[in-house]
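Here's the structure we're looking at; comments come further down.
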2 protein chains.
Amino acid sequence: MARAKGSGLPELRATGGGRVRMEDVAAVAGVSVATVSRAFGKPDSVSPELRRRVLESAERLGFRPSVLAGSLASARARIVGVVVPSLLTSFFGMTLEALAGRLGPAGYQMMVGHHEYDLEREEALVAASLDWSPAAIVVTGATHSRATLSALARAECPVVEMWEISERPIDAAVGFSNREAGRAVARHLIAGGRRRLAFVGGAMARDLRAAARGQGFVEAALEAGLPEPRVEVLEERSSTAGGIAAFARLMDADEPPEAIAFSNDFLALGALFEAQRRGVRIPEDVALAGYGDLEFAANSTPTLTTVRPPHRAIGTAVADHLLRRFEDPGAGGEIIDLGFELVARASG
Amino acid sequence: MARAKGSGLPELRATGGGRVRMEDVAAVAGVSVATVSRAFGKPDSVSPELRRRVLESAERLGFRPSVLAGSLASARARIVGVVVPSLLTSFFGMTLEALAGRLGPAGYQMMVGHHEYDLEREEALVAASLDWSPAAIVVTGATHSRATLSALARAECPVVEMWEISERPIDAAVGFSNREAGRAVARHLIAGGRRRLAFVGGAMARDLRAAARGQGFVEAALEAGLPEPRVEVLEERSSTAGGIAAFARLMDADEPPEAIAFSNDFLALGALFEAQRRGVRIPEDVALAGYGDLEFAANSTPTLTTVRPPHRAIGTAVADHLLRRFEDPGAGGEIIDLGFELVARASG
DNA sequence: CTGAAAGCGCTAACAG
DNA sequence: CTGTTAGCGCTTTCAG
């Protein structure tokens, strides 16, 4: 039987030596490597006494399990691949923080990639993630390239699509309906008595969720019997500069709109800046609504009406869903609609 | 010698089967696994003919090397651990995007962690990163806990500290002097004729770089023979709400300042909002300066004087530095001061 | 330039 | 509950 050799005192590995392996811990604790492995992996399957000895020896030796070796042997890494469109947008930042906040303590690391709304880049990121045999993979949105779709379908791990809910997700989906969010904004503006509406969308050709909000907005206006809203599409996704330009174009038209909805709070902020410069009164002359409920929306002059997406909730829900499935591999995907909130403030 | 068995046509692995391994590729290409490994790892060490055959066979079989196995065998994973204070701040978002933009194409994945300016959490994140035998590790700032420091010092990979340059970095440092940035803002305001200065710092107890800017600001004022600037410390790091509160406190004092510098553009934006509500004229009544040069700073009413840190440049410089060291393991750390830029605009 | 063989450090049956 | 024994899929000497 394996045991510490030599004197009664199991020797401490010289600090200068190579890495401390399970074998070393096993020797010091007087058990087999299998027991050490179990003591770390499934503590309940080891007697309290041995567990104590193992943990103590490990501590003494400063043992850190090699996650690489463990992952290879078990064919599963404690990594969650997360693919988002951007790392600049605080929306995804919130989601990532919430995700990491739950995944980290559970021993999972995030491997993050961003693709700037480019489906080909998403494809490459998904492939790169999959190469690590991740415990799960999380992607943003419900629209993907064929190759991404098939890679994801073949993946031997949970796959969750977030920030949008589709009727038939690849596996699981956590988000809300962007289309409904667009409709809600239109209805709110209409309820405020506005009839000539406009929608300013940032990069809607690539940001399909922004496009869905725009679509919902227009739909709701038409259903209410209003003239079709003018839609301004910008190159940038979210910038005050874009908001300024769009606002200027809209207000300089023959028939300026009575209300403008933006696909992002920063766009709306730009409009606020420009309105101030032009002496256009908000909301008297024109109502403004944003999207995101970024922190400044509650404090701007005037305060900004907007839609609050469940950014953090998405992260925690995704994490909880995954953690549940890691526990119970039998569990399958689900669709979790977290909804959104229309926050009515002074601007409209 | 290993060769495809059976008919002349090397068989294609059934799509339903298990994962395609190097062994399979080797068999189809009629070479040894060592050759396949080399064909992927160091193409130049394999004859063009064999390389072609290997790559073709790999392609045919849809072979994707197991990064887990490769990492274990070579004791180095193509992962770069990146530890930032926050994923919400667009500063670090820019840096991360720039980093990933160069590291990704080179085959390295980012393992990201955030600690909210908590040194203990940073410690845990660094340890977790190190467990993966990363190719490099990147941390934010120059101040770390003792344990973090020793773990980093022991790490068998390049370590770079970013966003601040210290005289004696652990290994390499890429950033700029936050203290100098603070001094530059003070000098600018003083040059504009302001004498009663104030500094509003967000969470300076934790955000040591913001604290360094505040320190530089006060120093420069004193050196110029001005009265010591009042320093307002906020709980939050960056929020318009915090800016509003601080601005209100400062302006309601017996002797309101003639110029206020904020440790963040959002703080300054809040002040802008509040000034508008109060009818305080910027910069006539009081000059305002921010930090960050966020997109809105160039478009606000009035436009915002601020400091532009080299956010993207930090990411690309870190990536380039690392890539160089991966190529040449002999290369050592260096200190790269990217500087910053004072952007003078209408607010001050 | 290429092949054979020995691991990397751990997990997972399988016995006992 | 614990130990033995095979690998996980690749990289890397070491020969040739």
Side-chain angles (χ1 to χ4, degrees), chain A residues 1-3 13 17-27 29-54 57-58 61-78 107 130-133 135 156 329, chain B residues 1-3 13 17-27 29-54 57-58 61-79 107 130-135 156 329:
Chain A
M1 169 186 157
R3 37 182 287 281
R13 187 162 256 277
R19 133 178 238 116
V20 180
R21 291 159 307 157
M22 266 193 181
E23 192 186 331
D24 306 314
V25 176
V31 298
S32 70
V33 291
T35 297
V36 177
S37 175
R38 290 185 189 109
F40 279 92
K42 18 181 106 158
D44 307 320
S45 69
V46 174
S47 72
E49 161 61 4
L50 283 193
R51 194 189 326 155
R52 198 189 53 64
R53 254 159 67 197
V54 168
S57 310
L61 298 178
F63 169 68
R64 305 254 355 175
S66 160
V67 287
L68 282 175
S71 302
L72 178 60
S74 64
R76 199 116 317 294
R78 290 174 88 85
L130 254 16
D131 283 344
W132 287 93
S133 302
E156 294 167 315
Chain B
M1 170 184 154
R3 38 182 288 280
R13 188 161 257 277
R19 132 177 240 118
V20 180
R21 291 158 309 157
M22 267 194 181
E23 191 186 332
D24 305 314
V25 176
V31 299
S32 70
V33 292
T35 298
V36 178
S37 175
R38 291 185 188 110
F40 280 91
K42 19 182 106 157
D44 306 320
S45 69
V46 174
S47 72
E49 160 61 3
L50 283 193
R51 195 189 323 156
R52 199 190 51 66
R53 254 158 68 195
V54 168
S57 311
L61 298 178
F63 169 69
R64 306 252 357 176
S66 161
V67 287
L68 243 24
S71 303
L72 178 59
S74 64
R76 200 119 313 295
R78 290 174 87 86
I79 287 178
L130 254 17
D131 283 344
W132 287 92
S133 303
E156 293 166 316

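Letters go in sequence order (proteins before strands), and every chain restarts at 1.
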Do side-chain atoms of A:R64 reach the backbone of A:R19 as a donor and acceptor pair under 3.5 angstrom? no
Sorted by chain and number, sequence neighbours left out, salt bridge (Lys or Arg N to Asp or Glu O under 4.0 Å) with B:R52 holds for B:E49, B:E56
Between A:F63 and A:R21, which heavy-atom pair has the shortest distance, and what is it? CE1-C, 3.7 Å
B/S/- contact track for nucleotides 11-16 of chain D, protein heavy atom under 4.0 Å: BBB---
What are the two closest heavy atoms between A:S66 and A:A69, and how far apart are they? OG-N, 3.1 Å
Considering every strand and a 4.0 Å limit on heavy-atom distances, what is the contact class for B:L50: base, sugar-phosphate, or nothing? sugar-phosphate
Closest non-hydrogen atom pair, B:E23 against B:V33: CA-CG1, 3.6 Å
Donor-acceptor pairs under 3.5 Å, side chain of residues 70-77 of chain A to any protein atom, not counting sequence neighbours: which ones?
from	atom 1	to	atom 2	distance (Å)
A:S71	OG	A:V67	O	2.6
A:S74	OG	A:G70	O	2.9
A:S74	OG	A:R76	O	3.3
A:R76	NH1	A:S133	O	3.2
A:R76	NH1	A:P134	O	2.8
A:R76	NH2	A:E156	O	3.1

Atom-to-atom span, CG of A:D44 to P of D:dC1 - whole angstrom: 9 Å
Would you mind reading off the distance between A:D24 atom CG and C:dG9 atom P, rounded to a whole angstrom? 10 Å
Relative orientation of the end axes in the helix from C:dC1-D:dG16 to C:dG16-D:dC1, expressed as an angle to the nearest 10° (five pairs per end): 20°
d(CD, B:E23; P, C:dG3) in whole Å: 14 Å
Here the distance between atom C1' of D:dC8 and atom CH2 of A:W132, to the nearest Å, is 15 Å
Using whole Å, what does the distance between atom P of nucleotide C:dG7 and atom CG of A:L72 come to? 17 Å
For B:S57, side-chain contact (heavy atoms from CB on, under 4.5 Å) partners two or more places apart: B:V25, B:V28, B:A29
Scan A:L50, A:D24, A:V54 and name whichever one has a side-chain contact (heavy atoms from CB on, under 4.5 Å) with A:V36. A:V54
side-chain contact (heavy atoms from CB on, under 4.5 Å) involving A:R38 - partner list, sequence neighbours excluded: A:A34, A:T35, A:S45, A:V46
Looking at A:S47, does any N or O in its side chain come under 4.0 Å of the phosphate oxygens OP1/OP2 on D:dT2? yes
d(CZ, A:R76; P, D:dC8) in whole Å: 16 Å
Nucleotide nearest B:T35 (side chain, heavy atoms from C-beta), chosen from D:dG3, D:dC10, C:dT2: C:dT2
Between D:dG9 (P) and A:D131 (CG): distance, integer Å: 14 Å
Provide, to the nearest angstrom, the distance between the CZ atom belonging to A:F63 and the P atom belonging to C:dG9. 11 Å
